[in-house]
Protein chains: 2
Amino acid sequence: MTAIKESSTIQENKQYALEKCPVTFVMEKIGGYWKPIILYHLSTGDKRYSELKRAIPAVTEKMLIQHLKQLEGDGLIIREAKPVVPPFVTYKLSSAGTGLLPVIDAMAAWAFKVKDGVYTVK
Amino acid sequence: MTAIKESSTIQENKQYALEKCPVTFVMEKIGGYWKPIILYHLSTGDKRYSELKRAIPAVTEKMLIQHLKQLEGDGLIIREAKPVVPPFVTYKLSSAGTGLLPVIDAMAAWAFKVKDGVYTVK
DNA sequence: CATGATACATACTTTAGGGTAAGTACTTGT
DNA sequence: ACAAGTACTTACCCTAAAGTATGTATCATG
């Protein structure tokens, strides 16, 4: 989680967009590169950290926890750690995270329409 | 439109994500900072370039056309230029772009639920 | 006694996206 | 003759997000 410069225009614009545009607000939450994928994997049930890692082989560990932490910080997922060793940590969707599933579904529906040639894209 | 390095891992991962995850495919299309906002403004009807500019005062001209070109290139919007001087250019949603509106709506619905305290986020 | 599995952390580098500032071409209005 | 409005373009800079590489703690097992 990188430090942010409050003075930069990009941050001011971010502010503007967040106030003016609900969509941008959502993008802030699920815009990270691997976030939608993580959310998708959690939509099919709770997963351990290592399960997620194996499910998404292309992501690095740094990116995985970074996004998990952000999603947790944003209240979209819930982390549960059993105080055992070796560690046993599970992640699951919160109600807010579950509420995002219709968004994910709408996106997937559009993408599949594109794939099926209903729309001509790119 | 910046040149991209084909060799970079980020591009490889992009490929992976695009194939594996329909949501990421959508993000690619509407993930630009001002794209959702542009789409939103076009959802209420055709707009001239200058109208969009005035409607979104915080965006710079460079960003505005850059994103308009990308959206046009992706087939989400249609550009119509009348060969007159001063120029008269109109942008409107394509059918693919219109098909994205449910996604936008689902996002907005979620954002408003968060605002109304239905979910606890951040 | 050292290797593997668990779930991370941390220092450093790269890259893509976004922003700034300025210029272009053509015509109408003052 | 000069500013203003139209729709861009182009060269350069800066930053946030992504990636690389390596390290940590604890215990069980061969």
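We name chains A, B, ... by the order of the sequence lines, and we start the count at 1 in each one.
Side-chain N/O atoms of B:His67 include none lying less than 4.0 angstrom from OP1 or OP2 on C:dG17. Between B:Arg79 and D:dC8 there is a side-chain polar atom (N or O) within less than 4.0 angstrom of OP1 or OP2. Proximity of B:Ser50 to the phosphate of D:dA7: a side-chain N or O atom is located under 4.0 Å from OP1 or OP2. Considering only side-chain N and O atoms, A:Tyr91 lies under 4.0 angstrom from the phosphate OP1 or OP2 of C:dC8. Between B:Arg48 and D:dT6 there is no side-chain N or O to OP1 or OP2 distance below 4.0 Å.
With side-chain heavy atoms closer than 4.5 Å counting as contact, directly or through intermediates, A:Phe112 stands alone and belongs to no larger hydrophobic cluster.
For B:Glu72, there are no salt bridge (charged side-chain N to carboxylate O under 4.0 Å, His left out) partners, not counting sequence neighbours. With sequence neighbours excluded, the residues satisfying side-chain contact (heavy atoms from CB on, under 4.5 Å) with B:Ala81 are B:Arg79, B:Val89. Residues that satisfy the side-chain contact (heavy atoms from CB on, under 4.5 Å) test with B:Thr98, not counting sequence neighbours, are B:Leu93, B:Leu101.
Residue whose closest nucleotide on DNA chain D sits further toward the 5' end, between B:Lys62 and B:Lys53: B:Lys53.
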So which protein N/O to nucleotides 23-30 of chain D N/O distances come out below 3.5 Å?
none

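Note on residues 42-56 of chain B: pairs passing side-chain hydrogen bond (donor to acceptor under 3.5 Å, both in side chains), not counting sequence neighbours, are B:Thr44-B:Lys47, B:Tyr49-B:Glu61.
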